[in-house]
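To start, the structure itself, in structure tokens.
Naming convention: chains lettered A, B, ... in sequence-line order (proteins, then strands); numbering from 1 in each chain.
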Amino acid sequence: MKYKRPRGTQDIVPPAVHIWREVEEAFKRTFEKHCYEQIRTPIFESTELFERAVGEQTDIISKEMYTFTDRGGRSLTLRPENTASVIRAYLESGMHRRGGIVRLYYIGPMFRYDRPQAGRYRQFHQVGLEAIGGASPAIDVEVIETFMITLEELGFRGLMLKLNSVGCRTCRGPYRKLLLKALDGVREVLCSDCEDRAFKNPLRVFDCKRCEGVKEKLPTILANLCKDCRAHYDAVKAALEALGRSFEEDPYLVRGLDYYTRTAFEVIHGDLGAQNALCGGGRYDDLVEQCGGPPTPAIGYSAGLERIISVLPKDSPVLREAGVPPDIYVACVDEGGMSRALKIASLLRSVAAVEADFSMRSLKTQLRSAEKSGAKIAAIVDSSSRDEILWKNLAERKQVGVPDGDILDFAKRTLAASKEDGA
RNA sequence: GUGGGCGUAGCUCAGCCUGGUAGAGCCCUGGAUUGUGGUUCCAGUUGUCACGGGUUCAAAUCCCGUCGUCCACCCCA
């Protein structure tokens, strides 16, 4: 094989692509029921947008970007996530002047130069949404619910929702000092990575899998929230409880992107291996302002389609969708009937899905293929019977001759009849 | 970027340890029915054994390197 797909990418081929489409549709249905509208932003953006929005210290920016220089000398980057682009587009198209909450969703490929692993790809696909301009804890819950509801519709049960608050500008400052002090006290027992983190992004020490014993000795942001953040967090919890939505409070849940404030959440799944997050998100109340807009609170999340699809429950309704079989399979027996078969297939397509076989294989083989395709009818075209075709009902194993001129009417009648039988 | 497993037919894999010119099942094609499908039976096609180098009379098999893939670290969807 001369060419292979680039490392960390995937071809989504039938029949898997049908599952993908069903999952995407499920999300779209939920989003649109909640009055979120789709937004499509460019696959690449100026590198600076990501650096500024996502945070220069993050791994995504410091080592995982697909960055290139275009012919005009501009530094561009394949989007590693979509929130920055959405906020850029929100401001650039003047949506911030609409007033009220702007609800947007997206779906599409993202790119990160990581080493591929279970549930991790260089080109991967996310669905996500952003609710921009809403400060109420109720919006947080609305956003979380769109994900939980959709996954339940896909057949998931008993998902683990993890919840935390990472505070805001007011509480982060004092907390940071507190944390740094505590980190200083445990410096000797920190792993080498965490020694670095302690400087660059102290909160991320909580993410470390090796420093398990250390965490208990450190103050959590959750225990040091300012009054407003505390009230917001408590209100989110109360609203989730009122909806009967179970969750687990995780004071160690911190997220890898710098722009998060207050509510942070993740939904994890046990069968995913090390990359166990199906979805991650939270509030980013300062990002719009940081990007040059007016102060605007916002919240969003993104979910990994590969990961969701890889752990779909066995009884998921979408696993039943294997594509639409043809209604009619046109079998062409000899070269002489070819152009007539083409014409008949084309005619039939005005009322049905038609698969045409021009392989000139034996009729036996063509009928075998017809049956395998799931078609109800095989239309056999043979140049020796010049003005009629054989119309074979594959389930009943019966066939009749139909004059060319009557084919369309005949097709309409039999297909309508078989639909009634089927229903 | 670091570590480990794996790479043989379109697919799933055996063979590798103990070197001797490559196998099974599925799929596919033709036939048994001088064009009519589920099953069965008969016959047939499947390959630069990932790539490059080395050892050897001889390498799918042993050794080294490269690439790919999977898993883990890191990080995240």
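In terms of phosphate contacts, A/S362 brings a side-chain nitrogen or oxygen within less than 4.0 Å of OP1 or OP2 of B/G30.
Proximity of a side-chain donor or acceptor of A/R40 to a complementary backbone N or O of A/Y106 within less than 3.5 Å is not detected. Side chain of A/R307 to main chain of A/G119: a donor-acceptor pair is present (N/O by atom type, distance under 3.5 Å, no hydrogens or angles).
Separating the C1' atom of B/C70 from that of B/A50 is a span of 15 Å, rounded to the nearest Å. Taking the P atom of each, B/G7 and B/U46 are spaced 24 Å apart, rounded to whole Å. Going from the C1' atom of B/C28 to that of B/C11 covers 12 Å, rounded to whole Å. As rounded to the nearest Å, B/A58 and B/G15 have P atoms that lie 26 Å from one another. When the C1' atom is compared between B/U45 and B/U39, the two are found 24 Å apart, to the nearest whole Å. Taking atom C1' on both B/C26 and B/U69, the two are 23 Å apart, rounded to the nearest angstrom. For the C1' atoms, the distance linking B/C74 with B/G1 amounts to 9 Å, nearest Å. Separation of the P atoms belonging to B/C6 and B/C17 is 14 Å when rounded to the nearest angstrom.
Residue contacts shown for A/I308 are absent, as no nucleic acid heavy atom lies under 4.0 Å away. Residue contacts shown for A/G8 are limited to sugar-phosphate atoms, with no base heavy atom under 4.0 Å away. Using a 4.0 Å heavy-atom distance criterion, A/A370 is classed as making no nucleic acid contact. If you check every strand for non-hydrogen atoms under 4.0 Å, A/G119 touches a base.
Base pairing of B/C73: its partner is B/G1, meeting the Watson-Crick or G-U wobble criterion (both donor-acceptor distances under 3.5 Å). Applying the Watson-Crick and G-U wobble criteria (two distances, each under 3.5 Å), B/A24 pairs with B/U12. The pairing partner recorded for B/G65 is B/C51, the criterion being a Watson-Crick or G-U wobble arrangement whose two distances lie under 3.5 angstrom. Remark: B/C17 base-pairs with no nucleotide; criterion is Watson-Crick or G-U wobble with both hydrogen-bond distances under 3.5 Å. Nucleotide B/A32 is matched to B/U40 when pairs are restricted to Watson-Crick or G-U wobble geometry with both distances under 3.5 angstrom.
In this structure, A/D11 places its CG atom 13 Å from P of B/C11, rounding to the nearest Å. If you take CD of A/Q10 and C1' of B/G68, they are 15 Å apart, rounded to a whole angstrom. Protein atom NZ of A/K372 is 14 Å distant from nucleotide atom P of B/C26, rounded to whole Å. Residue A/R368 contributes atom CZ, which lies 11 Å from atom C1' of B/U39 at whole-angstrom precision. In this structure, CZ of A/R115 is placed 8 Å from C1' of B/G3, rounded to the nearest angstrom. As rounded to whole Å, 11 Å separates atom C1' of B/A77 from atom CD of A/E81. Here the C1' atom of nucleotide B/C51 and the NZ atom of A/K4 are 9 Å apart, to the nearest Å. Rounded to a whole Å, the OH atom of A/Y121 is 10 Å from the C1' atom of B/C70.
Inspection of the A/D258 and A/T58 side chains reveals no N or O donor paired with an N or O acceptor under 3.5 Å. With 3.5 Å as the limit, one finds a donor-acceptor pair spanning the side chains of A/Y36 and A/E142.
Taking the syn range as angles within 90° of 0, the glycosidic angle of B/G35 is syn.
The side chain of A/Q117 sits closest to B/C74 out of B/C74, B/U36, B/A77. Considering only the side chain of A/R361, B/C28 comes nearest among B/A77, B/C28, B/A72. Comparing B/A72, B/A77, B/G38 by their nearest atom to the side chain of A/R397 picks out B/G38. When distances are taken from the side chain of A/K392 to each of B/A77, B/A72, B/G37, the shortest belongs to B/G37. The listed nucleotides are B/C73, B/G68, B/G35; the one nearest the side chain of A/R7 is B/G68.
One can find a donor-acceptor pair under 3.5 Å joining the base of B/U36 and the side-chain atoms of A/Q399.
Residue A/Y105 is tested with A/K28, A/H34, A/E32 for a side chain to side chain donor-acceptor pair (under 3.5 Å); the sole match is A/E32.
Between the SG atom of A/C279 and the CG atom of A/L151 there is a distance of 8.0 Å, given to the nearest 0.5 Å.
Comment: A/D114 does not engage A/R112 in a salt bridge, judged by the lack of any side-chain N to carboxylate O separation of less than 4.0 angstrom.
Taking the ring axis of A/Y113 as reference, the NZ or CZ atom of A/R122 stays within 45° of it and closer than 6.0 Å to the ring centre.
Comparing A/G304 and A/R120 by the nucleotide of RNA chain B whose heavy atom lies nearest to each, the residue mapping closer to the 5' end is A/R120. When the nearest nucleotides of RNA chain B are assigned to A/R5 and A/Q126 by heavy-atom distance, the more 5′-ward of the two goes with A/R5.
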